[in-house]
Amino acid sequence: MQVTKRIHAIKIPFKVPLSPEMSIDRFAFVYLVFGNKIHLIDSGVAGAESTIWEYIKEHGRKPKEVSSLILTHSHPDHIGSAKSVKSQTDCTVFAHKLEQEWIEDTEQQFKDRPVPGFKTLVEGPVVVDRFLGGGEIIELEKGVSCKIIHTPGHSKGSISLLFEDEKTLFTADALAYPGDLPIYEDIFACLASIKILQKIDNVENLLSSWEAPLQGQEKIFRRMNESIAYLERIHTAVINNSLINKQQNIMELCQKVVSELGLPPFVVMPLVAKAFASSLIAEQNKQIAQPDA
Ligand SMILES: [Zn+2]
């Protein structure tokens with residue numbers, strides 16, 4: 001679907017197998033910026049390139065015109081088809097330095113973060129050609145520029161992108177959607193990142209990976225507030241439940257928190273438990289930093 005003059009969104013559905021009998025349906029949006037060339041923001045899971053090529057052809061353009069692939073971070077639903085995109089277009093691959101290892105060594109990513117179905121979601125590694133830090137403006141082609149905003153928390157090197165000319169902000173997975181999987185590495189960094197995004201003026205289009213494009217400044221501000229409230233609710237539930245029973249292991253704690261948040265039982269999984277464990281560490285570090293608080 002077309003969002004602005006230049007920007008288009010494609011929804012890529014995929015399945016995450018939880019067991020031989022059960023899988024969950026997920027999706028992630030990838031975005032295209034049409035100029036003289038075509039610039040892709042995230043690649044979607046393995047195989048998504050055929051959906052992207054089809055979309056490009058439907059709009060009278062050629063996949064070979066893709067000259068940039070900006071990876072917002074290294075998770076499978078963002079880099080899964082990057083290898084094919086790179087090999088079929090020879091585009092420049094951009095990512096934050098802190099995501100390099102898991103993009104260039106997907107075996108290592110699987111060892112460190114064994115997402116169910118990882119091998120079916122990720123084709124393989126791709127080399128990052130240009131590193132992003134945050135704060136810089138990159139010119140993708142003459143007249144098409146975007147500002148890079150470092151928004152850590154969901155992952156260390158997560159980035160958001162601001163296309164000022166199109167009044168459009170890409171937040172990837174920086175926002176947490178009430179009722180959705182709580183996945184983060186550093187809850188306080190997540191909250192700080194959202195507050196940075198909220199301060200950006202004149203954003204008419206919010207483009208994230210887990211929700212259809214949202215339009216209107218007020219709606220976008222409210223969406224970010226809901227995201228902050230959801231993350232705070234998760235963190236409070238984790239801390240309160242950890243205090244009730246100090247003997248429980250992290251999966252038991254995960255089960256209690258998921259139930260208190262009213263999330264479906266399949267959400268009790270190691271990936272979510274790991275996020276909750278990071279909440280406990282973040283809270284301990286906060287207490288050490290502010291002993292009288
Ligand atoms: Zn992610």
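Indexing begins at 1, ligand by ligand and atom by atom, following the structure's order.
Taking a cutoff of 4.0 Å between a charged side-chain nitrogen and a carboxylate oxygen, Asp165 and Lys5 do not qualify as a salt bridge. Under the 4.0 Å criterion applied to side-chain N and carboxylate O atoms, Glu204 and Lys219 are not assigned as salt-bridge partners. A salt bridge does not link Glu164 to Lys147: none of the charged side-chain nitrogens sits closer than 4.0 Å to a carboxylate oxygen.
The N, O or S atom of His73 lying closest to the Zn ion (ligand 1) is NE2. The nearest N/O/S atom of His75 to the Zn ion (ligand 1) is ND1. Taking the Zn ion (ligand 1) as reference, the nearest N/O/S atom within Asp173 carries the name OD2.
Checking Trp102 against Asp112 by side-chain atom types alone, a donor-acceptor pair falls below 3.5 Å.
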